[in-house]
Student: 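Can you keep this structure in mind? I'll have questions shortly.
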Amino acid sequence: MEKSFEPAQIESKWYARWEASGAFRPSGRGEPYCILLPPPNVTGTLHMGHAFQQTVMDMLVRYQRMRGMNTLWQVGTDHAGIATQKIVENQLAVEDKTRHDLGRDAFVERVWQWKEESGSTITHQMRRIGAAADWSRERFTMDEGLSAAVRKVFVEWYRAGLIYRGNRLVNWDPLLGTAVSDLEVNNVERDGHMWSIRYLTTDGAESVVVATTRPETMLGDVAVAVHPEDERYAHLVGKTLKLPLTDREIPVIADDYVDKDFGTGCVKITPAHDFNDYAIGQRHQLPPITIFTLDAKVNDNAPQKYRGLDRYDARKAVLADLEALGLLVETKAHKLQVPVSQRSDAVIEPMLTDQWFVDLTSDTQKDGRPGGRKAITEPALDAVRSGEIKFVPENWATTYTQWLDNIQDWCISRQLWWGHRIPAWYDEAGNIFVGEDEADARAHAGTAPVGALRQDDDVLDTWFSSALWPFSTLGWPADGPVKNERGEIVANWQHDQIFLPSAVLVTGFDIIFFWVARMVMATKYFTGRIPFRKVYINAIVRDAEGQKMSKSKGNTLDPLDLIDGIALEPLVEKSTRSLLIPQVRAKVEKRIRKDYPDGIPAIGTDALRFTFAALASYSRTINFDIKRAEGYKAFCNKLWNAARFVLMNLPEGEIAAPAGAPVTEAERWILTRLKQTLGEVEQHFVSYRFDLLAQALYEFVWNEYCDWFLELSKPALNGDDAAAAASTRHTLLVVLESVLRALHPVIPFITEEVWASVAPKLGLTEGSLMQRPWPRADAIVADDTATAEVEWFKNVLSGVRRIRSEMNISPGKTIPLRLADGDAGDRERAAKFAAQIAFLARTEAPQWIAAGADEPAAAAAVVGTLRVLIPLAGLIDLGAEKARLAKEIARIEVEIRKCEGKLGNASFVANAPAEVVAQERQRIADWNTTLGALREQSRKLG
RNA sequence: GGGUGCUUAGCUCAGCGGUAGAGCGUCGCCCUUACAAGGCGGUGGUCGUAGGUUCGAUCCCUACAGCACCCA
């Protein structure tokens, strides 16, 4: 083995071997265990969130595979409608073209071409993380099989009356020219104004004042509403107002939606451009008046002079005209919530358009069939409420159920070209024909089409196909094998449905609504099964200061840069490349030069993965600190060197297991600790506490195996007892190999590399660590006696070390050692560990001082009643040692007083559990023993 | 407005009813042939505030303060 751990060399060789060996595919043996990869966008590149989430999935998959499960990690990518279409549209823009110049077919063809060339970036990056996924079954949401599932689902829901087409008010993105769902709209607080406008009654005798943040929409007003119990306006209800700037008259209506106490208590009603107003308009049978075109310019329903103006220009014009007429009563600054499209940042305009919806809210249809609430929403709610699906951490179930309780119908049509085209056709009379293809649509129609059929131009919301992921990837709805475009079988529902439900979904809270809930809905409806048993909501990765990572802040980290390292200049270049605003660019560059003056060091995949594991508590954010990752790289190096030590102490060839139990206490102790650690780690896998899991393994490897067992093994290996040496050699090796297996799910590369050297020594014949079983705690025998003895030894050694350190005795200097007092056990143990004490404490052979004999002035450590003495002569400052003893005595006196306080409290003794009282009595006895020995020592020093 | 979290050592976080812990940082000593990406030893906290429950509260309850996120 090389002298130090070099991740780059190791990682490059193992992944390809694993993948080629077929080790990532389901074994076909054991219980099914499946994890679905949340399919990343084909447009994406791997970011820290992906790397974290995928590390979690990979740990689970590798662990379960080693435990003998029939493991499938189902991967693939998402076509990401808008994002992908935009990339290609941007490319066209460089050529001064739009998608309309190409036409639909040619444009879609070009998007496919882009996908073939660039769409696998992220899946290749996933391999660098070490993801043990079954790439042979990789899917794409727009491949033929998954598209067939989409058509089937659409048609079935439509025929069940659960998908409908309607002219509804939807969130319209005027920049992208498509509807978007409620979820794709963010409400952003912006500084704006509240304008008060006076509307005169038709007879001109009276007026009302309405307040609005969007004065331009008055051109589409159809009423002014007041509260039914508002006495100020009761007499006006039913009268008409003259709508300024237009020649229309609008009624005053009463509706208890209006808040009497807000503003003047009068509200202008614009049903075509406001969701609340739309509902009021419907209640009062007031037909909406659309005043904007699809690109948010004033249309022909408005007076001539405003037509063609952009909505914000129209606002200025309307305000100026109202001002001129003396109808603008007040203008004041106002903070308002503006709906913004997540995809384009454009301000959303509610627009009345024809769209397709999934019914999620009606109880019963007109014909008596169950509505969407009964058929789709409630089963999804029940799956979580009943505990069939469990969230981890569980409080996310509240988020899930509250959203479903208040859900709206899902607008699934998008006015895009890239995506699953809606399987609906229209005849020349506007009748709708739905089917998996045109022939199917005709066959299922009640009436013959009038003239030719034309397919709906729209495509489905990307999340529609994602919702089917748990079963469409397993081959549904086909009956037999499903092939990919290369003719390879990627799924077969007949066999693969054993993987439904999957074991756990690992995903971010931000897509509980977009994806998790919809998967439950669709999977329950179409397969009758839940899609997964658990939903592990992973934390959001932030920077070391807890700030959200964003390109414009310059605090993003590329996981591959952490793995490979990157010099400062290339890092600055890549971080600022996409930033167009010079000030932002300068700020980001400055930050990077400050944060990473030497660039980013290469820490390797294993250390990155271990860091993710160590940070993965139930907390909802994790702050990624490179320093922490560097610490775990040191851990990898520690493991590496421990293995080197073990291997360099072995003779050539295979190491036979000695007959019988391990000879030394140290061996039996480390095996006991290994057993405990493995038991803990198994628990932490069950509870998804990867932080505790990582910590348990870290502590075992570093603080137990390396710090103590390796050290204890040195005198054993070099001592006269051949049996102890042989036994120790074997135990060193066995524990190391178990540790490698236990750590493999977390740090697969280094463990595989080390194992390759270790396995032949144990005569193991598996070709890869992946094929070894995960080590079982219950296969190891615990030995509490040995544990107690090693703890005693550790106390003795620590005592000597503390004296050395505090008395400034050079660590290399061999010093005399005396033992005084103590009991028979101490004598036995001192004899047993004599070689270890002498070697590790660097002392001469310990000598007992007989009771009552003269003692040299000495510094002392106390272990029970045993005093471990280091004679002062020439080594130790008497005054310093007295001070040290006094300090220790004072500390113990405080502890004793605490115990006495408790035990002196009658109600404590009466009410506390007996074992707690007993524990307290034991504690005080132990402290008193130590205190007695310390006082004795103090007296001896005079 | 409704909801969900968080507040513990300088920093980042575990612990969640019975002696306050880890990593990183910091200080001291040491290049002791597995590892200086290291070894050994130390320093450092009235567990956000105020009440309550309890023999006992960092942990449970209530209120308050601050911070964050989600939904409207």
Side-chain angles (χ1 to χ4, degrees), chain A residues 1 3-5 182-183 186-187 275-276 337 393 395-399 401-403 405-406 509-510 512-513 539-540 542-548 601 603 607 611 614-615 617-649 689 691-692 694-696 698-699 702-703 706-707 710-711 713-714 732 797-798 800-814 839-842 894-896 898-899 901-913 915-917 919-920 922-924 926-927:
Chain A
M1 285 173 75
K3 178 139 194 218
S4 65
F5 162 59
D182 302 346
L183 288 175
N186 290 332
N187 286 303
F275 285 92
N276 290 316
Q337 296 288 319
N395 58 283
W396 289 109
T398 314
T399 307
T401 52
Q402 283 183 353
W403 182 69
D405 275 334
N406 298 299
F509 76 87
D510 50 332
I512 290 178
F513 308 143
I540 301 296
R542 302 185 175 233
D543 74 5
E545 279 90 45
Q547 298 288 310
K548 225 174 194 167
I603 61 158
T611 311
L615 292 172
S617 69
Y618 281 173
S619 154
R620 55 173 66 183
T621 58
I622 60 173
N623 299 347
F624 191 92
D625 188 348
I626 290 189
K627 293 225 169 113
R628 187 104 185 227
E630 288 170 12
Y632 292 123
K633 187 187 178 190
F635 173 73
C636 292
N637 188 55
K638 189 78 180 174
L639 178 65
W640 180 266
N641 279 292
R644 280 181 64 224
F645 169 82
V646 172
L647 292 169
M648 69 176 53
N649 277 289
R689 286 300 304 265
D691 58 329
L692 301 179
Q695 194 181 339
Y698 182 100
E699 282 175 2
W702 203 311
N703 305 126
C706 292
D707 284 353
L710 255 51
E711 294 306 320
S713 77
K714 289 173 184 174
L732 278 168
L797 193 63
S798 295
V800 177
R801 281 174 174 170
R802 201 171 305 126
I803 290 168
R804 262 188 190 282
S805 178
E806 289 180 15
M807 294 295 128
N808 276 323
I809 302 168
S810 158
K813 185 175 174 66
T814 301
F839 181 84
L840 295 175
R842 292 231 166 193
V894 168
E895 294 296 342
I896 288 173
K898 274 198 228 164
C899 290
K902 277 191 181 179
L903 289 166
N905 181 343
S907 49
F908 170 74
V909 179
N911 294 317
E915 62 195 42
V916 173
V917 178
Q919 181 190 320
E920 210 62 28
Q922 182 62 48
R923 192 176 294 155
I924 203 168
D926 290 346
W927 285 130

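Model, not experiment: these values are computed from the prediction. To find a chain, count down the sequence lines: A is the first, B the second, and so on, and within it residues start at 1.
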Student: Would you mind classifying the nucleic acid contact of A:R804 as base, sugar-phosphate or nothing, using non-hydrogen atoms under 4.0 angstrom?
Tutor: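 The answer is nothing, as A:R804 stays clear of every strand by at least 4.0 Å.
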Student: Using the P atom as the reference point in each nucleotide, state the distance between B:U62 and B:U19 in Å, no decimals.
Tutor: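 My reading of the P atoms in B:U62 and B:U19 gives 26 Å.
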Student: Check the distance between B:C13's P and A:R689's CZ and give it to me in whole angstrom.
Tutor: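 Checked: the CZ to P distance equals 14 Å.
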Student: Would you say A:K714 places a side-chain N or O within less than 4.0 Å of OP1 or OP2 belonging to B:A34?
Tutor: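 Yes, within the criterion.
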Student: As a check on the pairing definition, encode RNA chain B in dot-bracket form, counting Watson-Crick and G-U wobble pairs whose two distances are under 3.5 Å, and using | for partners outside this strand.
Tutor: ((((((((.[[[[.)..(..]]]].(((((.......))))).....[[[[[..)....]]]]]))))))).
Student: Nearest to the side chain of A:A912, which nucleotide is it out of B:G18, B:G5, B:A34?
Tutor: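 Nearest to the side chain of A:A912 among the choices is B:G18.
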Student: Send over the distance from A:Y618 OH to B:G15 C1', rounded to a whole Å.
Tutor: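 One finds 14 Å between C1' of B:G15 and OH of A:Y618, rounded.
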Student: Could you work out, with salt bridge (charged side-chain N to carboxylate O under 4.0 Å, His left out) as the rule, every residue matching A:E630, not counting sequence neighbours?
Tutor: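 Per chain and number, A:E630 pairs via salt bridge (charged side-chain N to carboxylate O under 4.0 Å, His left out) with no residue.
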Student: Which nucleotide wins on minimum distance to the side chain of A:A634, given the candidates B:C55, B:C30, B:A37?
Tutor: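 Looking only at side-chain atoms, A:A634 lies closest to B:A37.
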Student: Sequence neighbours left out, what passes side chain to side chain contact (heavy atoms under 4.5 Å, CB included) with A:N703? Give chain and number order.
Tutor: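 Listed in chain order: A:E699, A:D707.
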Student: With heavy atoms under 4.0 Å as the rule, sort A:E915 into base, sugar-phosphate or nothing.
Tutor: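 Counting heavy atoms under 4.0 Å across all strands, no contact is made by A:E915.
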Student: On RNA chain B, nearest-nucleotide positions of A:V909 versus A:Q337: which is more 5'?
Tutor: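 This one resolves to A:V909.
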Student: Please state the P separation for the pair B:U8 and B:C67 - nearest whole angstrom.
Tutor: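 That atom pair is separated by 15 Å.
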Student: Please work out if A:K813 contacts a base, only the sugar-phosphate, or nothing of the nucleic acid, heavy-atom cut-off 4.0 Å.
Tutor: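 No contact.
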Student: Within the distance-only criterion (no hydrogens, no angle test), does the side chain of A:T401 pair as donor or acceptor with the backbone N or O of A:T398 below 3.5 angstrom?
Tutor: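 A pair under 3.5 Å: yes.
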Student: Starting at CH2 of A:W403 and ending at P of B:C71, how long is that distance when rounded to a whole Å?
Tutor: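 Going from A:W403 (CH2) to B:C71 (P), I get 11 Å.
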Student: Distance check: side-chain N/O of A:N911 vs OP1/OP2 of B:G56, anything under 4.0 Å?
Tutor: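 Looking at the OP1 and OP2 atoms of B:G56, neither is under 4.0 Å from any side-chain N or O of A:N911.
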Student: Excluding sequence neighbours, so at least two apart, what forms salt bridge (charged side-chain N to carboxylate O under 4.0 Å, His left out) with A:K627?
Tutor: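 If we apply the salt bridge (charged side-chain N to carboxylate O under 4.0 Å, His left out) test to A:K627, skipping adjacent residues, there are no hits.
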Student: Sequence neighbours left out, what passes salt bridge (charged side-chain N to carboxylate O under 4.0 Å, His left out) with A:R842? Give chain and number order.
Tutor: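 Counting only residues at least two positions away or on another chain, A:R842 forms no salt bridge (charged side-chain N to carboxylate O under 4.0 Å, His left out).
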Student: What residues, two or more places apart in sequence or in another chain, satisfy side chain to side chain contact (heavy atoms under 4.5 Å, CB included) together with A:K898?
Tutor: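 Residues passing side chain to side chain contact (heavy atoms under 4.5 Å, CB included) with A:K898: A:V894, A:E895.
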Student: Can you list everything that forms a side chain to side chain contact (heavy atoms under 4.5 Å, CB included) with A:N808? Sequence neighbours excluded, please.
Tutor: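 For A:N808, no residue satisfies side chain to side chain contact (heavy atoms under 4.5 Å, CB included) once neighbours in sequence are set aside.
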Student: Expressed as a whole number of angstroms, how long is the span from A:D625:CG to B:G25:P?
Tutor: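 Roughly 10 Å, once rounded to whole Å.
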Student: A side-chain contact here means heavy atoms from C-beta on lying under 4.5 Å apart; do A:D691 and A:Y618 qualify?
Tutor: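 Heavy-atom side-chain distance check fails, nothing below 4.5 Å.
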Student: Between atom CG in A:N641 and atom P in B:C35, what is the gap in whole Å?
Tutor: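 About 6 Å, once rounded to whole Å.
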Student: Taking any heavy-atom pair under 4.0 Å as a contact, classify A:L710: base, sugar-phosphate, or nothing.
Tutor: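 Base contact.
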Student: Taking any heavy-atom pair under 4.0 Å as a contact, classify A:R620: base, sugar-phosphate, or nothing.
Tutor: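 Touches a base.
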Student: When the P atoms of B:A22 and B:G42 are compared, how many Å lie between them, rounded to an integer?
Tutor: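 Rounded to whole Å, the distance is 12 Å.
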Student: Between the side chain of A:N406 and the main-chain N/O of A:Q402, is any donor-acceptor distance below 3.5 Å?
Tutor: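 Yes, A:N406 side chain to A:Q402 backbone: donor-acceptor pair under 3.5 Å.
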Student: Take the protein atom CG of A:L692 and the nucleotide atom C1' of B:G23, then report the distance between them rounded to whole Å.
Tutor: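 So the CG-C1' distance, A:L692 to B:G23, works out to 14 Å.
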Student: What pair of heavy atoms forms the shortest contact from A:E920 to A:C899, and how long is it?
Tutor: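 Minimum heavy-atom contact is OE2-SG, 3.6 Å.
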Student: A:L647 CG to B:C35 P: how many Å, rounded?
Tutor: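 My rounded result for the distance is 14 Å.
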Student: With a non-hydrogen cut-off below 4.0 angstrom, is A:T621 in contact with a base, only sugar-phosphate, or nothing?
Tutor: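 Answer is nothing: A:T621 stays at 4.0 Å or more from every strand.
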Student: Base contacts versus sugar-phosphate-only contacts with protein, heavy atoms under 4.0 Å: please encode nucleotides 40-48 of chain B as B, S and - from 5' to 3'.
Tutor: SSS------
Student: Does a side-chain heavy-atom distance below 4.5 Å link A:I896 with A:I924?
Tutor: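 Yes, close enough: below the 4.5 Å cut-off.
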Student: For B:A34 versus B:G39, give the span between their C1' atoms, rounded off to a whole number of Å.
Tutor: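 It comes out at 12 Å once rounded to the nearest Å.
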Student: Where the side chain of A:Q402 is concerned, which of B:C55, B:C30, B:G3 is the nearest nucleotide?
Tutor: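 Among B:C55, B:C30, B:G3, the one nearest the side chain of A:Q402 is B:G3.
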Student: Below 3.5 Å between N/O atoms, which protein atoms pair up with nucleotides 19-22 of chain B? Just atom names and distances, please.
Tutor:
| residue | atom | partner | partner atom | Å |
| --- | --- | --- | --- | --- |
| B:U19 | OP2 | A:R923 | NH1 | 3.4 |
| B:U19 | OP2 | A:R923 | NH2 | 2.8 |

Student: Applying a 4.0 Å non-hydrogen cut-off, can you work out what A:K627 is touching in the nucleic acid: base, sugar-phosphate, or nothing?
Tutor: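 Sugar-phosphate, no base atom in range.
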Student: Looking for any heavy atom pair under 4.0 Å, which part of the strands does A:A910 touch: base, sugar-phosphate only, or nothing?
Tutor: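 Counting heavy atoms under 4.0 Å across all strands, no contact is made by A:A910.
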Student: For A:K633, what residues pass the side chain to side chain contact (heavy atoms under 4.5 Å, CB included) criterion, not counting sequence neighbours?
Tutor: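 With sequence neighbours excluded, A:K633 shows a side chain to side chain contact (heavy atoms under 4.5 Å, CB included) to A:F5, A:P7, A:I603, A:A607, given in chain and number order.
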Student: Provide the full list of salt bridge (Lys or Arg N to Asp or Glu O under 4.0 Å) pairs with a residue in residues 804-814 of chain A, sequence neighbours left out, each pair given once.
Tutor: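 Listed by first then second residue: A:E806-A:R884.
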Student: For A:R620, check salt bridge (charged side-chain N to carboxylate O under 4.0 Å, His left out) against everything at least two apart and list the hits.
Tutor: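 Result, salt bridge (charged side-chain N to carboxylate O under 4.0 Å, His left out) vs A:R620: none returned.
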Student: Just how far, in rounded Å, is P of B:C24 from CG of A:L615?
Tutor: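 Checked: the CG to P distance equals 13 Å.
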Student: Regarding A:S617, tell me which of base, sugar-phosphate or nothing describes its non-hydrogen contacts under 4.0 Å with the strands shown.
Tutor: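 Counting heavy atoms under 4.0 Å across all strands, the contact made by A:S617 is with sugar-phosphate only.
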Student: Classify A:C706 by what it touches in the nucleic acid, base, sugar-phosphate, or nothing, heavy-atom distance under 4.0 Å.
Tutor: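 The answer is base, as A:C706 lies within the cut-off (heavy atoms under 4.0 Å) of a base atom.
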Student: Answer with base, sugar-phosphate or nothing: what part of the nucleic acid does A:F509 contact at a heavy-atom distance below 4.0 Å?
Tutor: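 Contact class for A:F509: sugar-phosphate only.
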